[in-house]
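Right, one structure below, let's go through it.
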Protein chains: 4
Amino acid sequence: MAPRTRASKTGQALSGRPLRADAQRNRARILAAAEATLADKGPSASTEEIAHRAEVAVGTIFRHFPTKEALVEAVFVAGLRQLAEQARRLCTAPEPGAAFITFLTEAITRSTAKHAFARQMGGDNTAVMSRGPVAEAAQDLRRAMTALLDRAQRAKEIRGDIDITAVVALLVGASRAAEHTDGDERLRETVLAVVVDGLRPRDADRWAREDPSPQDQ
Amino acid sequence: MAPRTRASKTGQALSGRPLRADAQRNRARILAAAEATLADKGPSASTEEIAHRAEVAVGTIFRHFPTKEALVEAVFVAGLRQLAEQARRLCTAPEPGAAFITFLTEAITRSTAKHAFARQMGGDNTAVMSRGPVAEAAQDLRRAMTALLDRAQRAKEIRGDIDITAVVALLVGASRAAEHTDGDERLRETVLAVVVDGLRPRDADRWAREDPSPQDQ
Amino acid sequence: MAPRTRASKTGQALSGRPLRADAQRNRARILAAAEATLADKGPSASTEEIAHRAEVAVGTIFRHFPTKEALVEAVFVAGLRQLAEQARRLCTAPEPGAAFITFLTEAITRSTAKHAFARQMGGDNTAVMSRGPVAEAAQDLRRAMTALLDRAQRAKEIRGDIDITAVVALLVGASRAAEHTDGDERLRETVLAVVVDGLRPRDADRWAREDPSPQDQ
Amino acid sequence: MAPRTRASKTGQALSGRPLRADAQRNRARILAAAEATLADKGPSASTEEIAHRAEVAVGTIFRHFPTKEALVEAVFVAGLRQLAEQARRLCTAPEPGAAFITFLTEAITRSTAKHAFARQMGGDNTAVMSRGPVAEAAQDLRRAMTALLDRAQRAKEIRGDIDITAVVALLVGASRAAEHTDGDERLRETVLAVVVDGLRPRDADRWAREDPSPQDQ
DNA sequence: GATGAATGAGTTTTCATTCAT
DNA sequence: AATGAATGAAAACTCATTCAT
């Protein structure tokens, strides 16, 4: 079995040489198509269908990604990277609480793909999460989110008793909930509001923050 | 057209005649095995594996459920029914708020199977949700939950601005979040606490409640 | 492996003891149902469907006939016996030619079952034809038909250059043709007329028979 | 709905683009193997066996024909087309009667496949006959045969009282009869002779033809 | 590099046959 | 004897992956 010269398990080119321009474009098309297809057909979407949507042949997909799993991973990693990017951007925003909420909102709103991934990974997602580039991207995102969360908690805008792990779980869940609203904008907002409110500090803290004078009369 | 005396599309016996005792037992074993298997292998778990787990031959599964989809549906419906049952039971509990919270907690804790279903149904779950016994069971559950919610809202234990649809979405999401905690008890509690707090009425209302003087004038 | 006490390979009871009255009735129902079902669903008709049509359970069929093939054979043999019966009856009819034609007509008209059998036996029907009760019944029918044919040929009503083998082939083919007419009475008659005319002696013979004086003016 | 780029329900390429050379060759091999296999194992011949005979993998068959039924249909249609071709060729032959007879002979001689089809289609072949490409091919063949028949009837070589429908039924039946002769050349000829004679005009007509002076006054 | 046909292991589904009730 | 549930081998069909063009 000759050493594979095409693509590594993670969909990165093995050679240092950059991809030809058209190959680059194809890679992007494939990722986009995969994201879209997985989002609306679920993890059982066939490679053939993804190829169809990307307007390339199946073979092309397998040139870029050695296995279907690698493709799905790549989609997931791309999503995680975007989120990490966003988190870092918001880390320098003036209002820590608002920044955190904004992050959640955006993450929830366009998180379909991650979800598809989670679904794809089915029962043994832990396996995937702990290895390779997914783990790295997840680590990175976690770090960025931790920073955001810390700032918000220090500003007393978010309850102090939750940690990053809980936030991640909530994010995943909220995304799922949002997905379940199936397009109803108002409904999504309500769901988000509940989660956000739940993350706010208890009353005592808020009095302290929002208005120095007690409003209990 | 149907010489098929086996099982209807929905896995209900076609004739009014009840199943033989052994058949009844097998049906239950199959449902249990399916729930477990789907829960930990995801929707792509093979029928063969389910059969193995149920210690029956594949053919037996197909005698009870004409299609893999029908089996998955049946698992889902069973879950919905259990929940509805639980909701109805709690409807007569003394403390409306506590009852509602209890319901959420339990629902979230053992909702893996529903989830597997949602995953299985993939992109076009709406199609399945609107047909047949799934739709009926869902309707029924919704009714029971609505009653629970109403009581809790009338008692001012739950914010008045959320409706049953939002609760369902939240339930789905919270289940997903809980699933993501992957066994960490404390984490699950935290997540639940956030959602529950988010559902509580805003401060003004709560003072009113905690303070014996009626706030409704 | 205990000696089978149920039914021999050919569907005859093994013990000398006659069947119980109800068993007898069931056997007949099954044969009738099998004939009908095979006729209109083809050889792929399932045992279950035959059972359904006979209003018995599958198990009952297998009590009477050890295999599906045995059942189909039995249907076939029954058909052959009826035909042989008929042939023998017509052997004593006053007009040899008319008798032969009548036989053909009747055989063709209700030969669906044989056909189903032929279809069932698919490519290797020769195997079945040469063994056991089928072969016997076929032999017997052939004998009876030979007698009919001989009489008709001696009476110069049927061309002398065809033998029983050809007649059998023609009978099979004509049955198939009749089947193809799918209910069109007139069409069936036309087809039959062609075959019958084709079996008539050539002109010279006929002159001799129909009118002693030559009719060529 | 169809990401399927493989084969349409009828086994025709979906896109206008012609098949690659190797695909074309495989398609032909598959059809040939199917014809042969169906002919000698009957309609219950498994796809796997056909694949084996064609020396391709099962998947290849399903790439070309989405369904086993589609494959069988394709075999049938191919047979019908060949016959139509032949009929058209003979339509310009000098001797109308001989041309018609020649057609029958050839059709009967190599009609095994059609037969297999008829068998496959079992009881509800009418359904298949009335839809799509089968119906078209059948129509076309019928047209070509009608022309042949007309010419022969006008030349008084074939009785005037039979129509194309009867000819088709006879053809089907004669094919079946020929199949029943199972290789006996002489027997097949005898059978054919009977049918052909049966199709000849009655004596009076033939005199008319052979003798220029009309006999109808 | 891209294409799309071929592969073949895996999955769902059917059905003759057996067996407990 | 009859019933109908259970069995499991075999069939149809799918799809990730490979490979010739």
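A quick note: this is a predicted structure, and the numbers were derived from the prediction, not measured. In what follows, chains are A, B, ... by sequence order, proteins preceding strands, each numbered from 1. What's counted below: heavy atoms across the whole structure, side chains too, no hydrogens, waters or symmetry copies.
- The distance from atom NZ of C:K68 to atom P of E:dT18 is 15 Å, rounded to the nearest whole Å.
- Comment: C:R53 engages C:D40 in a salt bridge, judged by a side-chain N to carboxylate O separation of less than 4.0 angstrom.
- Nearest-nucleotide positions on DNA chain E place B:E48 closer to the 5' end than the other of B:E48 and B:R25.
- Each of F:dA6, E:dT7, E:dT12 was ranked by its minimum atom distance to the side chain of B:A23; first place goes to F:dA6.
- Straight-line distance from the CG atom of D:D22 to the P atom of F:dT21: 7 Å, rounded to whole Å.
- Atom pair D:H52:NE2 and F:dA11:C1' shows a separation of 17 Å (rounding to whole Å applied).
- Looking at heavy-atom distances under 4.0 Å, C:T60 makes contact with a base.
- One finds a side-chain N or O of A:H64 lying less than 4.0 angstrom from the OP1 or OP2 phosphate oxygen of E:dA2.
- Using the Watson-Crick or G-U wobble rule with both distances under 3.5 Å, E:dT21 pairs with F:dA2.
- The CD1 atom of C:I61 sits 5.5 Å away from the CD1 atom of C:I50 when rounded to the nearest 0.5 Å.
- The interatomic distance linking B:R29 (CZ) with F:dA5 (C1') rounds to 14 Å, in whole Å.
- With hydrogens and angles disregarded, no donor-acceptor distance shorter than 3.5 Å links the side chain of D:T67 to the backbone of D:A70.
- The backbone N or O of B:V56 lies less than 3.5 Å from no partner atom in the side chain of B:T60, so there is not a single donor-acceptor pair.
- What separates CZ of A:R27 from P of E:dA2 is a distance of 12 Å, to the nearest Å.
- Per the geometry, CD belonging to C:E69 stands 18 Å off P belonging to E:dC15, to the nearest Å.
- Residue C:T47 has a polar side-chain atom (N or O) positioned under 4.0 Å from OP1 or OP2 of E:dA16.
- Panel note: side chain B:R29, backbone B:A54; a donor-acceptor pair is recorded below 3.5 Å.
- The 5' end of DNA chain E is approached more closely, in terms of each residue's nearest nucleotide, by D:N26 than by the other of D:N26 and B:V58.
- Here E:dA20 presents its C1' atom at 13 Å from CZ of C:R63, a figure rounded to the nearest Å.
- Place D:A45 and C:A57 on DNA chain F by their nearest nucleotides, and C:A57 ends up nearer the 5' end.
- Across the protein-nucleic acid pair, A:I61 atom CD1 and E:dG1 atom P stand 17 Å apart, rounded to whole Å.
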